[in-house]
Amino acid sequence: MDETTLLAHLDDLFKELDELLKRPEAAEAFAARGVNTSIALVAAHGLLAYLQGDRERAAEDLGTAAEEVESRLEASRRLKADSN
């Protein structure tokens with residue numbers, strides 16, 4: 001598979017993922033599991049940027065997603081500790 005075809009497939013795949021994560025029912029289902037689809041979208045955009053060779057944007061998006069996940073994890077841990 002040549003690079004142009006590969007990148008076109010990646011674009012299509014990530015467009016589909018983007019559309020899925022933006023659907024209200026998907027957001028609701030993931031929220032029930034403690035997953036924020038906005039953060040997932042940022043992470044997906046970061047992965048796509050990385051696969052496209054845009055390491056600067058990838059680092060920014062993936063770093064933002066990681067910081068948000070870590071922050072929410074810490075908040076969750078504090079809540080659990082306070083309730084015990």
Write down the atom of [X], the atom of [Y], and the distance for their closest heavy-atom approach.
X	Y	result
A44	F14	O-CE2, 3.2 Å
L62	A43	CD2-O, 3.5 Å
A65	I39	O-CG2, 3.9 Å
L6	M1	CA-SD, 3.6 Å

For this session: Would you mind checking if E74 and R77 are paired as a salt bridge, meaning a charged N to carboxylate O distance below 4.0 Å?
Result: yes
Exercise. Would you call R78-D82 a salt bridge at under 4.0 Å N-O?
Worked result: no
Between atom [atom1] of [X] and atom [atom2] of [Y], what is the distance when rounded to the nearest 0.5 Å?
X	Y	atom1	atom2	value
D18	L13	CG	CG	11.0 Å
E3	L10	CD	CG	10.5 Å
L7	Q52	CG	CD	6.5 Å
D11	L48	CG	CG	6.0 Å

For this session: State, without any angle test, whether D2 and T5 hold a side-chain donor-acceptor pair at a distance under 3.5 Å.
Result: yes
Exercise. With E25, which residues qualify under salt bridge (Lys or Arg N to Asp or Glu O under 4.0 Å), at least two apart?
Worked result: R23
For this session: Not counting sequence neighbours, which residues clear salt bridge (Lys or Arg N to Asp or Glu O under 4.0 Å) with E60? List them please.
Result: none
Exercise. Is there side-chain contact between R72 and N36, with at least one heavy-atom pair below 4.5 Å?
Worked result: yes
Problem set entry | Reference residue L41; test side-chain contact (heavy atoms from CB on, under 4.5 Å); the match among L21, L17, D61 | L21
